[in-house]
Novice: 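Here it is, the structure in full.
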Amino acid sequence: MTHYTHGMVPESALDGPVHGLVDNRRAALMLGVPLNTFKVWATRAKTAKTGIPTAMPEPVASMHGNVYRAEDIEEFGRQIALHARSPRSDQRSRGAYFTPDDASTLIVQWAIRSPDDVVLEPSVGDGQFAHAVNAYADSRAWSRPHLYACELDPETAANAIDSGAVAAERLRVGDFLAATDLPMVDAVIGNPPYVRVRELPPALRRSAMRSADAALGSPMEPSGSAWMPFVAKATAQLRPGGRLAFVLPLDFTYVRYAQPLWRHLGRSFGSLTILRFRERVFKGILQNVLILLADARGGSTQQVNVLACDKLSDLPATVTGRGVPVALDDVVAGKRVFQHALLPQATRETLAALEPHSGRAGDRAKFNIGYVSGNKPFFHPDRETVRDFRLPSRSLLPTIASSRQVSRAALTTGSMDPEATLWLPDPRRLTEGERTYIAQGEHDSVDMAYKCRIRKPWYVVPGVRVPDVILTTFSDRPRLHVNDAGWMISNSVLGGYLRSGETARDFADSWYTPLTLLSIEIEVHSLGGGVMIAVPSEADGVKVLHRPDSLPPDRRALDTALAGGDTTAAYDAGAASIRRLVGDDGLAAVRDGAQTLRRWRRAKD
């Protein structure tokens, strides 16, 4: 027996109206919309930000959610249907009604603005976007849109047809980038493949390169990914006034090979918007992504609006003209303006105030990767191997073979206990132990590794240099160390080589400040999961204070923080320099900016 009191409804109400009452799930089914969409409508009802044409009915009770009169929901549905059949309002024509339960719904609701729209999904996959198109049309009481799709894999295409995602006569099985019989459309939506072009089979690689060349007017860099020619060709399929909405990797905002595409988009659309969400909204996509909304095909623009929210439900009802504008010229030039757009206004103002007092690290020290051995275990023998093969000390040079070696090190390499060595024999006078070790390497086919095979002799590592400073590359936050002990470095870290007139200690004093920590968050890219991957050009671009403006950091605190693995405290050892230049409020803004970008970088599902 089910017991309930006034204001509560038993669970049997989930199966249909009970005494004329329905819960959230049943109400959503009656309206033909996803449950989360209905919940968003209900949540925003009091603020009049539902994006729907009529008032939400008031609930009459609650039990694990609201309970409504079925007749109120029916009338509500009729009002929505009437509005859907009326001429489009100016608000709807701008894609103003966002009540999505997931990102595919958001994209569909932005891109499709009329029951007469012709829509293309160039990589249909499991049909997520196609199903969202059909569901949206049903919720508007529209006839099903003219939806065309492409799918490379025949089995996947058959599944999409069987599931009702797309009609068989409107699905092209084959390579979208090579298709010549597709119609011109009003909207292109979807999630293109992220695979590197050079990793595609030859025929697909050729069509990708041709598509990009035809659209952009110049050859695409082979290092690029397949999503780039997909965007280029999709743009060419749009009618005047058409729209493009794609899920793209975050790489789009900073990789060099995408810069020609940004220029092309600015010349092809009247409006460009990037949507970013700190909480991951595409559970099946492991890397960080964004949503590109390109509107008004045939127009042009000189800016990109960046609209960033913690989660999908925080998105405002209208995205047109919202967000932080960034100059398209800066995007094409490779500046990290999309990171700047995530910063609080006070942080951006403080960065401007600090501009005269700071400069690029690359103006004072040039960063480069270390040597590539070709086989780390062989070229970094452990102490037992050194003893067993009687390798001479002259062939054992101290080196950073892994960034783990400095994960708990103090500022200087002189304070470090070597944990790995580079074996670098002199080929003119090998000892017996060295000849035996080389023979063992050949027996183990070390000499056949690509990097070993292309050099002579294979066992001598080229490019071994002693940097002035060492910067970790694969970490939550990079650590800089003064290389006073003359350690070599492998390609696991970066080496900084000082310009004339610089000293390593002065450079480190300028490096360890909250400003540099913030600049690292801006300049250095990260992988999915938030791990930073510093490359030489990014390290060169990091901002450091000018020497005359720098107070020496609290060096005891700096050493203690580094040895304890606390990189936040290490960079905060130079906080006095920032406080002197912009005061306590400015220092707080710099710290807040670094923490803001770190939260974005480390966002979890």
Side-chain angles (χ1 to χ4, degrees), residues 32-34 37 51-53 80-100 102-125 127-151 160-161 164-172 176 179 181-192 230-231 233-247 265 268-273 275 291-299 317-320:
V33 299
T37 295
I52 50 181
I80 292 177
L82 285 172
H83 183 79
R85 289 191 289 270
S86 67
R88 288 187 297 158
S89 66
D90 181 61
Q91 185 184 33
R92 285 177 60 223
S93 71
R94 296 194 307 270
Y97 302 136
F98 290 133
T99 53
D102 59 25
S104 56
T105 304
L106 180 155
I107 284 174
V108 165
Q109 292 190 8
W110 177 85
I112 301 178
R113 302 176 187 178
S114 162
D116 299 322
D117 279 349
V118 180
V119 184
L120 172 64
E121 214 287 59
S123 182
V124 73
Q128 178 182 5
F129 288 91
H131 284 301
V133 169
N134 296 329
Y136 181 57
D138 291 345
S139 72
R140 292 295 199 187
W142 291 347
S143 59
R144 290 289 176 93
H146 305 289
L147 173 63
Y148 291 84
C150 290
E151 174 52 49
I161 294 170
V166 61
E169 65 272 15
R170 291 180 177 165
L171 178 58
R172 306 290 193 269
F176 163 69
D181 59 344
L182 294 171
M184 300 298 288
V185 300
D186 300 290
V188 185
I189 60 174
N191 178 22
F230 262 72
V231 175
K233 182 175 174 64
T235 299
Q237 292 294 140
L238 286 170
R239 296 169 176 167
R243 303 159 296 282
L244 181 149
F246 268 172
V247 184
L265 292 173
S268 302
F269 292 96
S271 171
L272 296 172
T273 301
L275 304 181
I291 296 175
L292 168 67
L293 304 178
D295 203 353
R297 174 74 165 105
T318 304
V319 300
T320 303

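Atoms considered below: every heavy atom in the structure, side chains included; atoms not considered: hydrogens, waters and symmetry mates.
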Novice: Would you say N134's side chain and H131's backbone share a donor-acceptor pair under 3.5 angstrom?
Specialist: no
Novice: With rounding to the nearest 0.5 angstrom, report the CG to CG distance, L147 to D117.
Specialist: 11.5 Å
Novice: Do you know which two heavy atoms are closest between A245 and I107, and how far apart they sit?
Specialist: CB-CG2, 3.5 Å
Novice: So which heavy atom on A160 is nearest to which on G125, and how close?
Specialist: CB-O, 4.3 Å
Novice: Quick check: closest heavy atoms across A137 and P145, and the distance to 0.1 Å?
Specialist: CB-CD, 3.5 Å
Novice: Do V133 and R144 have side-chain heavy atoms sitting under 4.5 Å apart?
Specialist: no
Novice: Mind running side-chain contact (heavy atoms from CB on, under 4.5 Å) on Y148 and V118 for me, showing each step along the way?
Specialist: CA-CA 8 Å; Y148 291 84; V118 180; 3.8 Å; yes
Novice: Can you measure from CG (L238) to CG (D295) and round to the nearest 0.5 angstrom?
Specialist: 10.0 Å
Novice: State, to 0.1 Å, how close P192 and V247 come at their nearest heavy-atom pair, and which atoms those are.
Specialist: CD-O, 3.4 Å
Novice: I need the minimum non-hydrogen distance between S104 and Q128, along with the two atoms involved.
Specialist: OG-NE2, 3.4 Å
Novice: Can W110 and T273 be said to form a side-chain contact (heavy atoms from CB on, under 4.5 Å), step by step?
Specialist: CA-CA 12 Å; W110 177 85; T273 301; over 6 Å; no
Novice: Would you please test E121 and V166 for side-chain contact (heavy atoms from CB on, under 4.5 Å) and show each step?
Specialist: CA-CA 10 Å; E121 214 287 59; V166 61; over 6 Å; no
Novice: Which heavy atom of V124 sits nearest a heavy atom of A130, and at what distance?
Specialist: CG2-CB, 4.2 Å
Novice: Step by step, work out the side-chain contact (heavy atoms from CB on, under 4.5 Å) result for R243 and L293.
Specialist: CA-CA 7 Å; R243 303 159 296 282; L293 304 178; over 6 Å; no
Novice: Could you give the distance from CG (D186) to CG (D116), rounded to the nearest 0.5 Å?
Specialist: 9.0 Å
Novice: Rounded to the nearest 0.5 Å, how far apart are CD1 of I112 and OH of Y136?
Specialist: 7.5 Å
Novice: Assign the ring pair F230 / F176 to parallel, tilted or perpendicular, where the plane angle (0 to 90°) is split at 30° and 60°.
Specialist: tilted
Novice: Heavy-atom distance under 4.5 Å between the side chains of P122 and L182, does that happen here?
Specialist: no
Novice: Could you measure the distance from the CG atom of L120 to the CE atom of M184? Nearest 0.5 Å is fine.
Specialist: 10.5 Å
Novice: Heavy-atom distance under 4.5 Å between the side chains of L265 and L244, does that happen here?
Specialist: no
